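Bear in mind the structure is a predicted one, so any value in this text is a computation, not a measurement. Letters A, B, ... mirror the listed sequences (proteins, then strands); counts begin at 1.
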Amino acid sequence: MCPDPMASAEPLLTKKTEFDVLCASPGSGAAHILEECGYRARNLVGISFSDGGTAGGFPAERSEWLAIDVGSISGDYFIAGSRGREAYVPCGRFPGKEPDGSAGRIGFQSIPSLDARLDVICEAIGRFYGKKTVAIDLRDPLWIMDGGGNVRYRGNPDEDRIESAGRCLLGFMERLGCFCVRTPSNIIAAETGAYVPEFRAYAESCLDAMVSGENARRRMFEMGIDLAARMDTLRGENYLQDQNAIRRSDRQWNACNKKDGVDRILEAVIARSKNAKSAEARGELERRAGIIWKDRKDGRADYRRAAEWMRRSAESDTPGAKSDLLDILWREGSDDSLLEMVALAREMSAKGSPKGMLVIGRAYRDGKGLPKSRENAVRWLAEASATMRQAEIELKALLEAGK
Amino acid sequence: MSGNERDGTVDEDYEFYNEKSQAKSKKVAFDILGVCVSRDVFGLANGNEYAVGKYTRLSIPYFSDMEEVDPECWITMDEVSGERNFHKRLKLDCLNMRYAEDLNSSGSDWLLLDVRTLTFGYFETKFGGKTHYYIGEKITEDEIRTATRKKGFEPESIRFLDTDDVPGIDGMIDRFCEFIKGRYWSNIIILEMKDALWHVDKEGKTGFLHDFPVDRRRRITGKYTEILRKKLGCRCIPMPSDVICDYLHLWGMSKGHFVQEYYDYAYRCVDAIVKGADDLDLRLETEFLEACAAMDAIRSGRMLSRNNTVRRAEEFWARTGDADASISNAQLLMAEANNPPLEAELAGIIGRIWRDRTDGKADAGKAASWMRAASDGGIAWASEELEELGKNL
């Protein structure tokens with residue numbers, strides 16, 4: 001998850017302090033992080049829970065420090081054991097297959113007598129490593145940054161896994177009073193799954209502070225607060241950049257004179273829409289491109305192109321875009337456009353949109369996209385006029401024309 | 001929705017917190033610079049050991065000037081608009097520039113501070129050869145003009161600025177820190193404030209809330225919290241990034257009105273800091289991890305949030321005519337709660353339904369039994385109502 005797959009295969013181990021790593025599987029994320037931060041992960045200690053409650057056995061030649069890989073330990077376990085003794089072995093140790101004799105799998109939190117088993121393991125850890133323990137908690141990222149710096153919410157968090165990791169971390173913290181390197185829940189990762197570089201910098205500063213021992217816990221805790229804020233800042237800076245792009249576009253369009261400059265502005269708006277960090281801003285800028293094509297101040301309005309941009313904008317649910325698209329399609333007036341307009345208006349009116357109702361009313365009134373029908377036009381305009389002044393005006397005009 | 005939709009701000013109820021802070025003299029008192037989240041740590045959390053002294057909004061630019069306004073030039077409650085007197089008072093604090101004087105005379109020992117008001121931006125106003133800044137939320141340009149004219153000046157210009165764009169904001173922060181360090185010494189706590197990305201609705205379901213302006217506000221609060229924490233060297237109570245806001249919050253729905261579990265967590269941290277708990281660093285870190293775990297559990301539906309669930313159960317209690325269904329619904333909530341203080345409170349509500357049902361099946365014995373369970377679980381009102389029930393049995 002967290003190690004950067006683009007990073008060098010052989011990280012440079014620059015620091016003398018060594019760690020053993022208590023983990024559930026050979027591909028330990030905590031070990032990778034240690035090595036990325038210049039520390040050597042000397043021994044991987046496999047955890048398992050048996051009736052004795054012990055871990056897989058700490059090495060005779062131990063390192064000074066123990067890192068606990070919370071992410072792997074809090075995963076699923078196979079139910080194993082023999083001669084009436086229960087045992088739970090991490091599924092990560094048997095990738096892709098179930099070990100012989102397994103009676104199924106079980107989540108970390110559901111392991112029977114988990115507290116007692118953790119007590120035993122932590123007692124052993126305390127005996128071997130004293131206070132020199134650190135829990136490393138690597139979460140699945142819920143925010144993804146693409147190559148253009150656009151951050152989006154990935155969604156569908158694996159709630160069981162998140163909760164299990166949180167409980168596991170607390171289980172070790174409460175028993176050992178260990179240090180903690182944690183990923184904030186708003187951590188951002190690249191599409192490859194690697195955390196943004198800020199995380200490695202944070203982890204290294206934490207580990208350095210911890211090893212040097214000066215007021216380490218408070219410093220690590222505060223570094224964690226700063227890292228979480230940095231993740232918000234990354235998203236917020238995107239927001240700033242996007243807002244500036246929208247404002248600049250509006251200013252330029254408002255200041256544009258009638259004779260020239262429209263093409264230049266249009267080009268800039270389209271470029272900004274492509275560079276937008278968020279889907280919302282992209283939609284807003286696409287909408288502006290549509291409006292410029294529709295209302296070109298040099299008299300070269302192109303409704304087909306306006307509709308193209310507005311359609312894109314509407315696809316990302318930009319406020320007002322569907323309504324603008326209805327206007328553009330109405331003005332374009334080709335059979336296809338009117339067909340699309342009526343379908344969109346029906347979709348909008350089904351959701352209670354007065355604009356959708358107004359357009360259906362107009363279509364019936366003028367026989368554009370729908371068969372001409374005064375009766376239907378009156379019905380739809382009346383419905384829209386309950387909440388829309390424009391519909392009220394057009395209804396009144398229609399009724400008066402019929403007198 | 002109450003509050004300001006644009007900024008997700010909140011309506012406060014001064015009277016409520018004032019009532020909660022009665023017997024101030026016997027308690028350690030906090031002044032508060034910030035928004036209702038800080039204040040509600042003392043009003044909504046499960047604890048009542050602290051009083052609130054002066055509570056007003058944080059205005060960093062003000063502290064670069066701190067020019068006292070002649071009381072004869074103060075504008076009055078009648079000259080500003082506001083839904084409640086409390087809102088008007090906040091405006092007067094700002095327009096009459098009374099922050100420093102009020103804080104100096106509050107008598108409180110501690111300061112709790114959050115930077116959420118910095119997301120409101122400022123009205124930069126020039127008059128009398130000087131530049132002044134007023135918090136850019138709730139105050140109107142007309143009110144600024146009135147205040148300026150009362151000082152004998154006509155405003156030369158009024159424009160809105162984001163906090164980041166206030167000229168010389170760094171120096172203003174330095175002067176602000178100098179002032180509050182001089183006033184409170186090391187008795188300062190920063191409450192980190194983030195708009196929620198998740199909510200729990202009126203049916204108890206959780207959902208994702210992220211929108212465009214949330215990113216802006218979280219960027220600003222994150223940035224200035226870090227700056228102030230480093231300059232002040234004080235303790236900071238972090239907010240879980242996955243904090244959840246509550247549709248059934250006492251003050252209504254807003255991205256700054258959180259689930260009860262957040263206030264309880266923040267209160268425990270404040271308490272640990274004030275009392276100088278043993279191994280404070282570990283304690284604060286563990287509290288934070290517990291709070292994060294609680295947010296995860298609420299979001300996943302494994303644990304019910306206390307205030308939200310109690311409010312829903314109280315609706316069952318109100319329907320005393322259909323008490324069998326109400327009791328069964330409340331018991332269902334209890335079974336799903338996975339939250340001992342909440343379970344105790346629900347037991348009390350079931351006791352109330354048994355006591356108050358109007359279908360002829362009211363049963364004081366059953367009511368007392370449920371109320372006892374609530375009382376044993378530490379619910380103060382249940383103890384009082386149990387005693388009342390005892391008198392009537």
Could you state the interatomic distance from [atom1] ([X]) to [atom2] ([Y]), rounded to the nearest 0.5 Å?
{"X": "A/Arg182", "Y": "B/Phe288", "atom1": "CZ", "atom2": "CZ", "value": "4.5 Å"}
{"X": "B/Ser241", "Y": "A/Ile187", "atom1": "OG", "atom2": "CD1", "value": "9.5 Å"}
{"X": "A/Arg217", "Y": "B/Arg283", "atom1": "CZ", "atom2": "CZ", "value": "13.5 Å"}

### Query
Out of B/Arg219, B/Arg216, B/Arg218, which one pairs with A/Arg235 under the side-chain contact (heavy atoms from CB on, under 4.5 Å) rule?
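So, applying the side-chain contact (heavy atoms from CB on, under 4.5 Å) to A/Arg235 and each of B/Arg219, B/Arg216, B/Arg218, only B/Arg218 qualifies.
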
Part of [X] lying under 4.5 Å from any heavy atom of chain B:
{"X": "A/Leu169", "result": "side chain"}
{"X": "A/Ala165", "result": "neither"}
{"X": "A/Glu174", "result": "side chain"}
{"X": "A/Ile225", "result": "both"}
{"X": "A/Asp137", "result": "neither"}

Flag the pair [X] / [Y] as yes when at least one side-chain heavy-atom distance between them is below 4.5 Å, and no otherwise.
{"X": "A/Phe221", "Y": "B/Pro238", "value": "yes"}
{"X": "B/Leu282", "Y": "A/Phe179", "value": "no"}
{"X": "A/Met220", "Y": "B/Asp281", "value": "no"}
{"X": "A/Asn186", "Y": "B/Asp242", "value": "no"}
{"X": "A/Arg218", "Y": "B/Arg235", "value": "yes"}

Please classify the contact between [X] and chain A as side chain, backbone, both or neither, with a heavy-atom cut-off of under 4.5 Å.
{"X": "B/Glu285", "answer": "both"}
{"X": "B/Cys292", "answer": "neither"}
{"X": "B/Leu284", "answer": "both"}

### Message
Only pairs of heavy atoms separated by less than 4.5 Å count here; which of A/Thr233, A/Leu170, A/Asn215 has the most with chain B?
### Response
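Top option by heavy-atom pairs under 4.5 Å: A/Leu170.
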
### Query
Highest number of heavy-atom pairs under 4.5 Å with chain B: which of A/Asp232, A/Leu142, A/Leu234?
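Highest number of pairs under 4.5 Å: A/Asp232.
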
Check ion pair [X]-[Y] (N to O, under 4.0 angstrom):
{"X": "A/Arg139", "Y": "B/Asp296", "answer": "yes"}
{"X": "B/Lys230", "Y": "A/Asp226", "answer": "yes"}
{"X": "A/Glu163", "Y": "B/Arg299", "answer": "no"}

Is atom [atom1] of [X] surrounded by more than 12 heavy atoms (other residues, nucleotides or ligands) closer than 6.0 Å?
{"X": "A/Arg219", "atom1": "CZ", "result": "yes"}
{"X": "B/Phe123", "atom1": "CZ", "result": "yes"}
{"X": "A/Glu214", "atom1": "CD", "result": "no"}
{"X": "A/Asn254", "atom1": "CG", "result": "yes"}

### Residue pair B/Cys234 / A/Glu222: nearest heavy atoms and the distance that separates them
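What the structure gives for the nearest pair is O-OE2, 4.2 Å.
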
### Residue, of B/Gly301, B/Gly222, B/Ser300, that accumulates the most heavy atom pairs under 4.5 Å with chain A
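Top option by heavy-atom pairs under 4.5 Å: B/Ser300.
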
### Query
If you tally heavy-atom pairs under 4.5 Å against chain A, which of B/Met239, B/Arg229, B/Met295 wins?
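So the answer, after comparing B/Met239, B/Arg229, B/Met295, is B/Arg229.
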
#### Entry: Verdict with reasoning, A/Glu159 to B/Arg302, per side-chain contact (heavy atoms from CB on, under 4.5 Å)
CA-CA 9 Å; A/Glu159 301 288 8; B/Arg302 282 178 195 258; 5.9 Å; no

### Query
Going by the angle between their ring planes, with limits at 30° and 60°, are A/Tyr153 and B/Phe208 parallel, tilted or perpendicular?
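Because their plane-to-plane angle is under 30°, the rings of A/Tyr153 and B/Phe208 count as parallel.
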
